[in-house]
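The chain is numbered in sequence order, starting from 1. Side-chain atoms are counted along with the backbone in the values below, which use heavy atoms only and exclude waters and symmetry mates.
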Amino acid sequence: MSNKETPKLAKKGFKMPNTWIVVFIMVVFVAILSWIVPPGEYDYVQVEVNGTMRNLAVDGSFHYVDKATTSPTGVFGVFRALYTGTVESASTIFMIMICCSSFRIMVRTGAFHAGIGVIMKKLGNKAVALAVVLMIAFALCGSVFGMLSELYGFYPLIVGLGVALGYDAMFGFAILALGEYIGFTCGTLNPYNVAISQGISEVAMYSNQGYRWLSFVVLVGIAIVYLLRYGFKIRKDPTKSAVYGRPCIHSFGEGSLDEYKLTLKDILILLDLLVTLIILMVGLMMYGWGNTQLCGLFIMMAVVAALICRWSGDQFVDEFMEGVKGIAWGALIAGISRAILVVMNDAVITDTVIHALAELLKQAPSALSAQMILIAQTVINLPISSATGQAAVTMPIMAPLSDALGVSRDVACLAFQFGDGLSNLLWPTSQIVIVCGTSDIPYEKWVKWFLPLFFIELAAQMVLVGGAVMIGM
């Protein structure tokens, strides 16, 4: 080895492997645990929660089961679980593909670029104001309506916008990712993490709204400051960018939006989007719509936009399939991640882990009980990333446990939504890896950029939970 090669090697540090490899390692680790952790389960009963029948765990019913009746995962089982997880996640995978491909068509019409170009001309040098307004808007979508996957199609556009505003792809990505996920975390009227957890816990629906809005202001405010600080830093020195030197396929240069003019066609397409979103809100809030209606509505939206542009059928299909290709990596990771839960369920150790955490909470100092519930829910969100699924499994246990710990059930619900929401931006088993794939942002770079903010937000959550206990929420 020459002396010239040595410095180059010395600069090499730890490089986080591809997300698929990270998830696979986690599957292998859980497979090893499946032979060590004793199997156990709660009894479950079907209960109607806010008009929907759900399987809820019965508090105090945990019992260990005969290991001979379970299926710990061997070498072959690890690879089998990857397939099983993908099949079980089929609804999510196809929903992501359809939503993102439909929005790709909307973006390809040029209407979004024209609309943003007009806005940027109006704003002049007020790019920061646009970023803040968009982030708050996305946060409100997550907080009030529980929108997450419904916004995934916007990622390529907002990532490109981040570059056009003079920042970088990470800045644009964070506008939407932090906005929708942190908004979801501090749900105010969120029909998922708030309504379901409160319904299971027998708490008055949407109670303590004032404190939840305060949490919204605090947590979203911290995220905005973190993002703007990053933006100012890379404006001053572009080499400080988290994705410096890495081209993003969704980028369009600063000033390139000037080429677009807002025409009647663009206005009609933007109206198509607006009408679609209004119908979606009504369907979600009043009729309990799910993935089926969501996908059907988005396909209709894309077809209408293509007709307005007078596209041929072949052009529509080609653009749609390009969208599928672009999102396939991220969509399939949802199935690969599901393999972790498949392994845990086959070995019947999911409830054992939850029971162990609940028992650990009983030993916590009373002054920290609420915060420990928050930490426990954050950990549980690793294998069970669904808000409704996690609520159904944990809240029947945490609600009566909070009574014994001297913590109100409303505070337990607040700790649940905090723990369930924030870690969705971190755990590779959540859908953050999907939107990273959609946005051409490497997951490992996102984690490095987001990790300091995660601990800041977690500390703020602990203070907010403590404050809720102090005021007798």
Side-chain angles (χ1 to χ4, degrees), residues 23-49 52-89 196-197 200-201 335-364 372-373 375-405 412 416 419-420 423 427 429-430:
V23 174
F24 179 74
I25 291 171
M26 293 177 68
V27 174
V28 172
F29 176 71
V30 174
I32 294 171
L33 290 182
S34 73
W35 293 90
I36 301 171
V37 177
E41 59 186 2
Y42 289 99
D43 294 330
Y44 285 81
V45 294
Q46 275 208 332
V47 177
E48 183 178 327
V49 181
T52 303
M53 298 302 296
R54 301 187 183 278
N55 288 320
L56 305 186
V58 177
D59 181 43
S61 66
F62 179 82
H63 55 279
Y64 292 102
V65 300
D66 185 356
K67 196 152 191 163
T69 64
T70 67
S71 302
T73 300
V75 175
F76 177 65
V78 167
F79 295 93
R80 181 174 55 81
L82 300 178
Y83 167 77
T84 304
T86 305
V87 171
E88 291 184 1
S89 302
I196 292 177
S197 66
I200 293 172
S201 304
I336 304 300
S337 301
R338 176 79 180 185
I340 294 173
L341 192 56
V342 169
V343 170
M344 295 181 73
N345 288 342
D346 285 349
V348 197
I349 62 174
T350 305
D351 287 358
T352 304
V353 172
I354 294 170
H355 174 70
L357 287 171
E359 290 298 306
L360 186 62
L361 286 175
K362 293 178 182 178
Q363 311 303 320
M372 293 303 293
I373 294 175
I375 298 299
Q377 295 288 9
T378 301
V379 172
I380 293 170
N381 199 44
L382 176 61
I384 310 177
S385 59
S386 164
T388 54
Q390 188 177 338
V393 175
T394 64
M395 291 314 296
I397 313 302
M398 294 298 180
L401 178 60
S402 66
D403 295 338
L405 296 174
F416 159 75
D420 164 72
S423 55
W427 298 139
T429 51
S430 71

Under a 4.5 Å cut-off applied to non-hydrogen side-chain atoms, are [X] and [Y] in contact?
{"X": "F416", "Y": "I200", "answer": "no"}
{"X": "I373", "Y": "S402", "answer": "yes"}
{"X": "T394", "Y": "D420", "answer": "no"}
{"X": "L405", "Y": "M372", "answer": "no"}
{"X": "V78", "Y": "V343", "answer": "no"}
{"X": "T429", "Y": "V23", "answer": "no"}
{"X": "D43", "Y": "H63", "answer": "yes"}

Tell me if a side-chain donor or acceptor on S197 pairs with a main-chain N or O of A391 at a distance below 3.5 Å.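 Here the side-chain-to-backbone pair does not exist.
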Can you check whether T378's main-chain N or O pairs, donor with acceptor, with W427's side chain at less than 3.5 Å? yes
So which heavy atom on [X] is nearest to which on [Y], and how close?
{"X": "P396", "Y": "L56", "result": "CG-CB, 3.9 Å"}
{"X": "K67", "Y": "P72", "result": "CE-CG, 4.1 Å"}
{"X": "A376", "Y": "L361", "result": "CB-CD1, 4.3 Å"}
{"X": "P39", "Y": "A347", "result": "CB-O, 3.3 Å"}
{"X": "I397", "Y": "A57", "result": "CD1-CB, 4.1 Å"}
{"X": "I384", "Y": "Q390", "result": "O-OE1, 3.2 Å"}

Pairing residues for F62 by the ring-ring contact (aromatic ring centres under 6.0 Å, His included) criterion, not counting sequence neighbours: Y42, Y64, H355
What distance do [X] atom [atom1] and [Y] atom [atom2] have between them, rounded to the nearest 0.5 Å?
{"X": "T350", "Y": "M344", "atom1": "OG1", "atom2": "CE", "result": "4.0 Å"}
{"X": "L401", "Y": "M398", "atom1": "CG", "atom2": "CE", "result": "6.5 Å"}
{"X": "I354", "Y": "Q377", "atom1": "CD1", "atom2": "CD", "result": "8.5 Å"}
{"X": "I349", "Y": "T70", "atom1": "CD1", "atom2": "OG1", "result": "9.5 Å"}
{"X": "I375", "Y": "I380", "atom1": "CD1", "atom2": "CD1", "result": "11.5 Å"}
{"X": "S201", "Y": "M395", "atom1": "OG", "atom2": "CE", "result": "3.5 Å"}

Side chains of residues 27-38: which donor-acceptor partners sit under 3.5 Å, not counting sequence neighbours?
unit_1 : atom_1 : unit_2 : atom_2 : d
S34    : OG     : A31    : O      : 2.4
S34    : OG     : T73    : N      : 3.1
W35    : NE1    : T73    : O      : 2.8

For L341 and E88, run side-chain contact (heavy atoms from CB on, under 4.5 Å): C-alpha distance rounded to whole Å, both residues' side-chain angles, the deciding distance at 0.1 Å, then the answer. CA-CA 10 Å; L341 192 56; E88 291 184 1; over 6 Å; no
Enumerate the residue pairs fulfilling side chain to side chain donor-acceptor pair (under 3.5 Å) with a member in residues 75-84, sequence neighbours excluded, ordered by first and then second residue.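 The answer is none; no pair qualifies.
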